[in-house]
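Fair warning: this is a prediction, and the values are worked out from it, not measured in the lab. Just so we're on the same page: letters track the sequence lines, and every chain starts at 1.
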There are 2 protein chains.
Amino acid sequence: MGTTKSEGFSEEVNELASLFKAMGHPARIAIIQFLRTQEKCICTDLVNELPLAQPTISQHLKELKNAGIIQGSVSGTSICYCLNLEKTNVLDAFLASLKYDQNPTCC
Amino acid sequence: MGTTKSEGFSEEVNELASLFKAMGHPARIAIIQFLRTQEKCICTDLVNELPLAQPTISQHLKELKNAGIIQGSVSGTSICYCLNLEKTNVLDAFLASLKYDQNPTCC
DNA sequence: TTATAATATCGTAATATTGCAATATAGCAA
DNA sequence: TTGCTATATTGCAATATTACGATATTATAA
């Protein structure tokens, strides 16, 4: 154990869960927020912005990239990261769906 | 280490992260989906629905309740759970905000 | 009261995550 | 080349999460 059980759940459920999980860390939310407000995409700026060491930030960027939430393109020595809204839209749609199907006379 | 660093991040960032984290598990997404589609709120139904043992499901329900994503009210021997949309709306708003501020000429 | 049904809690093993120092890698500038 | 800057990777220690059997707890039913 310690391992998350994914067999027995639908593909959709597993994908949603792993996207939510990728966003379930303050550093990763802060990265997303920074990418949202910054005009230019970033890289080392995050090291100056967040209270974490460079390797830790690199690790969080990797996780966001693996989840498809951000993209990075090489630009000389540095790497330009930006948001990929396709994935966040999947979450958006899921959350929106909760509003409409709900039974108002529950609990 | 092993502990998530929350000092140095804003309250907002930490709250968003912990809400996303609470949803970052297939069992918990499946519970939310079930609560969405079911007319009546549930409890033991989940044990018959999900590929997990009763104590495990109870634990996931507790996490969702702690996060404020679901509510439970005692009803005799059983407990009636339902969604609390106030919290999911916080996530919804965050995801929606990503769409509008974004710089289209990035990466 | 006794039994039963629905949940919760405890204890624990297996595994995952987090954070960082040290180090590697890769591009560019001098 | 040498050095510098930006980023990634490795290796590890500390801690968190997941899953579940066993066991409590609590409310009703018989």
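Among C:dG19, D:dA19, C:dA8, the nucleotide with an atom closest to any side-chain atom of B:Ile79 is C:dA8. Closest to the A:Thr44 side chain, of the nucleotides D:dA6, D:dT9, C:dT18, is D:dA6. For A:Ala53, whose side chain is taken as the heavy atoms from C-beta onward, the closest listed nucleotide among C:dT9, D:dA19, C:dA21 is C:dA21. Picking from C:dT18, C:dT9, C:dA21 the nucleotide with the shortest atom distance to the side chain of B:Pro55 gives C:dT9. Here the side chain of B:Leu61 is nearest to one of D:dT7, C:dG19, C:dA8, namely C:dA8. When the nucleotides C:dA6, D:dT18, C:dA16 are ranked by their closest atom to the side chain of A:Lys21, C:dA16 comes out on top.
Within the 4.0 Å cut-off from OP1 or OP2 of D:dT17, not a single side-chain nitrogen or oxygen of B:Arg28 is found. An OP1 or OP2 oxygen of C:dA8 is reached within less than 4.0 angstrom by a side-chain nitrogen or oxygen of B:Tyr81. Phosphate proximity of D:dT9 to A:Lys62: present, with a side-chain N or O under 4.0 Å from OP1 or OP2. In this structure, B:His60 does not reach the D:dT17 phosphate: none of its side-chain N or O atoms is under 4.0 Å from OP1 or OP2. Between C:dT15 and A:Thr3, no contact under 4.0 Å exists linking OP1 or OP2 to a side-chain N or O.
Each of A:Gly2 and A:Lys65 was assigned the nucleotide of DNA chain D with the nearest heavy atom; the assignment lying further toward the 5' end belongs to A:Lys65. Both B:Thr77 and A:Glu63 sit near DNA chain C, but only B:Thr77 has its closest nucleotide nearer the 5' end. Nucleotides of DNA chain D nearest to A:Thr56 and B:Pro51 differ in position, and the one nearer the 5' end is that of A:Thr56.
Rounded to a whole Å, the NZ atom of B:Lys5 is 14 Å from the P atom of D:dT15. Separating the NE2 atom of A:His25 from the C1' atom of D:dA16 is a distance of 11 Å, rounded to the nearest angstrom. In this structure, A:Leu46 places its CG atom 17 Å from C1' of C:dC20, rounding to the nearest Å. One can place CD1 of B:Ile57 at 9 Å from P of D:dC20, the figure rounded to the nearest angstrom. Across the protein-nucleic acid pair, A:Ile70 atom CD1 and D:dA8 atom C1' stand 14 Å apart, rounded to whole Å. To the nearest angstrom, P of D:dC20 lies 11 Å from CG of B:Leu50. Taking atom CD of residue B:Gln59 and atom P of nucleotide D:dA16, one finds them 15 Å apart after rounding to whole Å.
Note that the CG atom of B:Leu64 and the NZ atom of B:Lys62 stand 12.5 Å from one another [nearest 0.5 Å].
The aromatic rings of B:His60 and B:His25 sit tilted relative to each other, their planes meeting at an angle between 30° and 60°.
Contact annotation: side chain of A:Gln54 to base of D:dA8, donor-acceptor pair present below 3.5 Å.
Here A:Ser78 lies in heavy-atom contact (under 4.0 Å) with sugar-phosphate atoms only. Nucleic acid contact for B:Leu52: sugar-phosphate only, since backbone atoms but no base atoms lie under 4.0 Å from a heavy atom of the residue.
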Trace of the side chain to side chain contact (heavy atoms under 4.5 Å, CB included) decision for A:Gln54 with A:Thr44:
CA-CA 8 Å; A:Gln54 179 269 321; A:Thr44 251; over 6 Å; no

Test side chain to side chain contact (heavy atoms under 4.5 Å, CB included) applied to B:Leu50 and B:Ile31, step by step:
CA-CA 8 Å; B:Leu50 306 187; B:Ile31 290 171; 3.8 Å; yes

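For A:Lys87 and A:Glu15, the salt-bridge test passes: some basic side-chain N is under 4.0 Å from an acidic carboxylate O.
Two residues are said to be in side-chain contact when any heavy atoms from C-beta on lie closer than 4.5 Å; A:Ile70 and A:Leu61 meet this criterion.
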